[in-house]
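Written out below as C-alpha cells is the structure these notes cover.
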Amino acid sequence: MIMKDFITAKQEFDKLVEESLKKYKPKVPVVFTKLSEVTKAITSNMITWSRKNSLWPLQFGLACCAMELLDFGASRIDAERKGFLVFRATPRQSDVMISAGWITKSMAPEVKRLYEQMSRPRYVVAYGECSVSGGPWYESYNIIEGIDQIVPVDVYVSGCPPRPESLFDALLKLQEKVGGKIDN
Amino acid sequence: MIIDRKDLIDTISSFKKKGFSYLVKILGIDYIDYISVLYILRNLDSDEEIEIEVHLNQNDLWVPTIINIFKGADWYERELYEMFGIEIKGRKVRKLLLEKFSENIYPLRKSFKWGTK
Amino acid sequence: MLINELIEIIEYFIVMLITAFAFAYFFGWLERKFVGKFQRRHGPTYLGKFGLLQNLADFFKLLTKEQVWPKKADKLLFLVSVFLIAGFTLYLVMLLPIYNFYIINSSIILLLIFIILSFLPILIALNGYSSSNKFAMISAQRSILLLISFEIPLFLVLIAIGYYVHSYSIVSIVNAQSNLWFLFIMPIGFFVFLMALLAEMERTPFDLREADSELIAGWLTDTGAPYYMLALFVDYIRSFFGAAIISLLFLGGWYGPFGNSFIWLFIKTIFVALFIMFIRAIAIRMRIDRILYFGWIVLLALSIINLYLVYLGY
Amino acid sequence: MSLVKINIGPVHPSTHGLLRLVVTLDGDTIVNVEPHVGFLHRGVEKLAENRMYMQIPPFIEKCDYVAKTAMDEAYVATVEAAMGIEPNERAQYERVILLELQRIASHLLWLGAMLNDLGHFFSVFMWTFADRDKVLKLLEEATGQRMFYVNMRLGGLRQEFPKDFEYHVLDVLAYLEKRINEYESFIENSSLFKERMYKVGVLSRDDAINLGVSGPVLRASGVNFDVRKDKPYYVYKKLNFKPIVLYNGDNFSRYKVRILEIKESIRLIREAFKQMPDGNATGMPIKLINPAPKNKVVRVSREGPRGEIMFYLVADEQRPYRLAMRTPAFINLAALNHIAKGNKFANLFPIIGSLDLVMADVDK
C-alpha cells in the first residue's frame, strides 16, 4: 500500500517538473520577431543555434574560484574552442555571468547592478560552493549565502573550487538549456 | 612591555630612534575585562622585535594615533577602529572593510556572537 | 550611355561589398585562430570545419541581443555616428581598384581616400562622447590625440609617392611599381606608413581607443549588441582596407611574378593582415605620451627624410 | 585645471579581484588614489575563534588563494610552536620543497596577469598559465588536490611524497628554467616594456620601511630583509639561501626581483632534493592532538610570495582564543596611494600589477 502512494507522488513530482520546464521558453524579444511566421520558424532555429554556440562570459572573478576561471580561459582547457570567447570586460556585450567566489553584503548591490547592465538574453552560472550556498563562510556576518538570493541562476557548479573541466561541462549544460533541448 | 596609553607616542618614537624602524602589526585582543592593543616593531638590521602593549578598560576605548611616526599605521588603525570600536584620537578615522553596514557592530569583540547575520 | 555606366558602378559595388564582407569574416576567423596558435591553444574548432561558422554564430547572436540605452546617453548622436562610421568605411573600400576593375581612376583618388580616413576618428570620438560613459569620454579624447599626431606623417609619405609617380591615382601608382616595388624604393616611407596606418586601424601597440585593460572597452563600453556587431565588423573591414592599401601602394598591387592578376593582390593583402595580427599577439600597448612622442618626433622626422630622398631623385 | 574623479569599479579587468579605486585626475596625472576594500571581508579571525585547531587550515588557505601552502604552513607552524612540536628533518625538507613550488606557481600567475595589464592581449598570460598548470599538476601529485591542499599536519605532512615524485619535479624545473630565460629575454628586450616599466612608481628605501611594505616590494627598494634569511626557519640555513635585493624601487625592479626569485626557488628545490634524508614525514593525525597550554602567546612569521605572513596566536584549550594575521597584500595596497601619486593614469595599472595583490588577503 505504501509503494502505491510512493509511485503516485513520484508521478506528480515529474508532472510538476515538466510544467515548470515548459514554462521556461527562451524569449526572442528582438528585431526578428516582427517578421512573418515562415521567417520566424527559420530564424528562431538560427537564433537559438547562434545563442547556443557563442556564449561570451563576463569577466567576473570574485575570489579563489576566479583562479580556476582563469585556468578555464587559459590554454589547457581552452574555452574558445567551444565559442566561449576570452573574457569580455563590459557587461553590455557578454551573455554569461560566471560568479566565481563568495558574495559579501557590500558586493550584493554591485552584482545586482552588473546583472541589470547585461543585455538580455543573459544567463548566470553559480560556480563553486561560495556562490551556490555561501560555502565555508555561511555563518559569517558579512556573507550572502549563495548568489541565487540576488540574481536568477541557470546552472549550479558544486565543488570548492570545482575543476575548470567541470565549468566546461556546466557551460555545455547551459548550452543545452539555451538551445532549448531540455524542455522539448 | 606594558605601558600606559598616555606615553605611548614617545615610547614608540624613542624606539624608532633606537633603530626599530619597521612597524610589523597593530592588533587588538579582547580579554573580557579589558582590551589590550599591541604594537609590534622590528629592527631591520639586528632583526629583534618588541611588543608594546596598552591596556584599555572597556568603557573609555581610545588610543592616540601614531600616523605621523609610521605612515604604515594608517590602515592598521582604521581596522582597529572598525573591529573593536577603539577611537583613534588625533585624526579622523573612517571605516575600512565594512563601510556601509554594521553601524555599531564590532565583530572582533567577544560580546559579538558568531553567526549573527 | 549613362545607364550602362550606372550598371557598371552597381556591379562593381556588389563585387566589392562581397569581397569586403568575405574578407572581414575571414579576417575575424583567421585572427582568432592565428592569435590562438600564438598562445599555445587552438581557436574555435567545434563549429563548422575548422571553427569557420563560429563568427557566423557570433554575428547572429549579437544581432539578436538587446540594446540597453543608458539614461544620459544621446541616442540620436549615437545612432548617427555609428552608421556614419560604417558608411564611410564601406565607401572607402569601394574606391579601391582591383586590376582593371575600378569605378574612378581620377588623379586625386588617393587624397580623397585619406581625407575620409582622417574623418573617421572624429566620428569615433563623437560616438564615444555620446554614450556619456566616463571611460568612453577618455577614449574619445585619446582618439582625437591619435588622429592629430599620425595624420601629418601619413600625408607626407603620400606626397612622396605622389611626387615620385606624378599623380595620385592608385592605378598609375601600381603601374609605376611594375618592375620595382615602392617598398624597396622608399623603405623609410613604408615603415612610417605602416606605423601610421596601425594607429588609424586601432591595432596594438596603438590600440588606445579600445584599451581593454584600462578603459574596459574604450568607446565601445556602452554600445549594445547590434551596434557592437557593427563596430566589430567595421573594425575588421578597416583592417582589410589598411592591408589592401599597403599592398597596393608599397607591394606592387596586382603585379606578380607569373601573370599579374587580382589574385596577387589578395595574397599580399592576406600576408599584410597576418603581419598585423602578429604584431597584435606580440606587442605591448604604448602609453599615450610615448605614442605622441613617437608620432610627432620620430615619424615626422622619418617622413621628411623620406620626402627629401625621393625629391633628390634617390 | 578641474579635477576629474574616476571610479574604477570593483569588477575591472586589471584590479586582480574586487577593489574599487577612486582616482582623482588632474588631466592625465594622478592626484590621489583611494582604494575602497572590504568586498571580500568575511571575518576569518572571528571564525577562527569558533573552530578547533585543525579545522582552521581550509579557511586560512582561502585567505591567500594564490599561495595556499604558504598560509597553511605558517598557521600550522604557529600551532606547533604553541604545542611545542618540532617537525622532523625530512618533514622540514618536504615542507620547503612544497613552499618553493608554491612560490614559483604564484610568481608565474603574477607574471601573466602583470603582462596582461600592460595590454598584452593575453599572450604571455596563456604561456605562464600553461607553465603554472605543470606546477599545479606536480602539487596535485604530491597532495591530491589541485587548488587547496590542506596538506600540513602537526609535525609533518598529511602524506609522504609519491614514489618517483623527485624525477617529475626535476623534469618540470628544467622545463621551467628554459621558459623563464625565454620570457626574460622576450619581455625585457622589447623597448615598449622598458618604456612602461622603468622609473614608474618609484618607492624609495626609507618610504618603503616607513610604510611597512614587505616581500618583493620591499626588497625591490633596496631593503635587505627576507624572513627566510633574517629569522631562518626549517632548513633554509642549510640550503644557504640568499635574498634578492635590487635598489631603484621602480616597477621594473619589482618585476626583476620576482623573476630572480623564481630562479632562486628552482635552485633551492634542487638543493633540497639532494640533501633530503630518508625517513617518514607524515605528521600527527588530527584526532590525537593534546590540548595546548592555556593563554600561551605565540608569534610566528614566514615569507610568503607576496611578503611576510605573521600569525599571532593566543592559545586556548582546544581552540584559539585570538588569532591575528598579518597578510602582506593588506599593507602593500595601503602603500599604493603613496606610489601612484604623480604618475600618468595609464601607469596606475602596471603599478597595481607590480604590487601583486590578492584581494582575499587584504579583506581577511
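All chains are named by letter (A, B, ...) in the order of the sequence lines, taking the proteins before the strands, and each is independently numbered beginning at 1.
Neither the backbone nor the side chain of D:Asn224 comes within contact range of chain B, judged by heavy atoms closer than 4.5 Å. In this structure, chain B has heavy atoms under 4.5 Å from both the backbone and the side chain of D:Ser214. Contact of B:Lys16 with chain D is made through the side chain alone, with heavy-atom distances under 4.5 Å. With a threshold of 4.5 angstrom between heavy atoms, B:Ile40 approaches chain D through side-chain atoms but not through N, CA, C or O. At a 4.5 Å heavy-atom cutoff, D:Leu40 makes no contact with chain B through either its backbone or its side chain. With a 4.5 angstrom heavy-atom cutoff, D:Ile331 touches chain B only via side-chain atoms.
The shortest side-chain heavy-atom distance between B:Glu49 and D:Lys231 falls under the 4.5 Å cut-off. Under the 4.5 Å side-chain criterion, counting only non-hydrogen atoms from C-beta, D:Glu49 is in contact with B:Lys110. Contact annotation: the side chain of B:Trp75 approaches that of D:Val362 to within less than 4.5 Å [non-hydrogen atoms, C-beta and beyond].
Applying the 6.0 Å contact sphere to NZ of D:Lys242 captures more than 12 heavy atoms from other residues, nucleotides or ligands.
With hydrogens and angles ignored, the 3.5 Å screen pairs no side-chain donor or acceptor of D:Asp230 with any backbone N or O of B:Asp47. B:Tyr22 places a side-chain N or O within donor-acceptor distance of the main-chain N or O of D:Val213, the cut-off being under 3.5 Å. Between the side chain of D:Lys46 and the backbone N or O of B:Arg109, at least one donor-acceptor pair lies under 3.5 Å. Put simply, the side chain of D:Arg322 never gets that close to the backbone of B:Asp30: no donor and acceptor are under 3.5 Å apart.
Counting heavy-atom pairs under 4.5 Å between each of B:Phe70, B:Tyr31, B:Trp114 and chain D puts B:Trp114 at the top. Contact count versus chain B (heavy atoms, under 4.5 Å) is highest, among D:Val314, D:Leu211, D:Leu333, D:Asp207, for D:Leu211. Considering only heavy-atom pairs separated by less than 4.5 Å from chain D, the leading option among B:Asp74, B:Asp45, B:Val24 is B:Val24.
To the nearest 0.5 angstrom, D:Leu218 atom CG is 7.0 Å from B:Leu44 atom CG.
Salt-bridge formation is detected for the pair B:Arg42/D:Glu308: a Lys NZ or Arg NE/NH1/NH2 atom is positioned less than 4.0 Å from an Asp or Glu carboxylate oxygen.
Of all non-hydrogen atoms in D:Asn210 and B:Lys71, the two that sit nearest each other are OD1-N, 3.0 Å.
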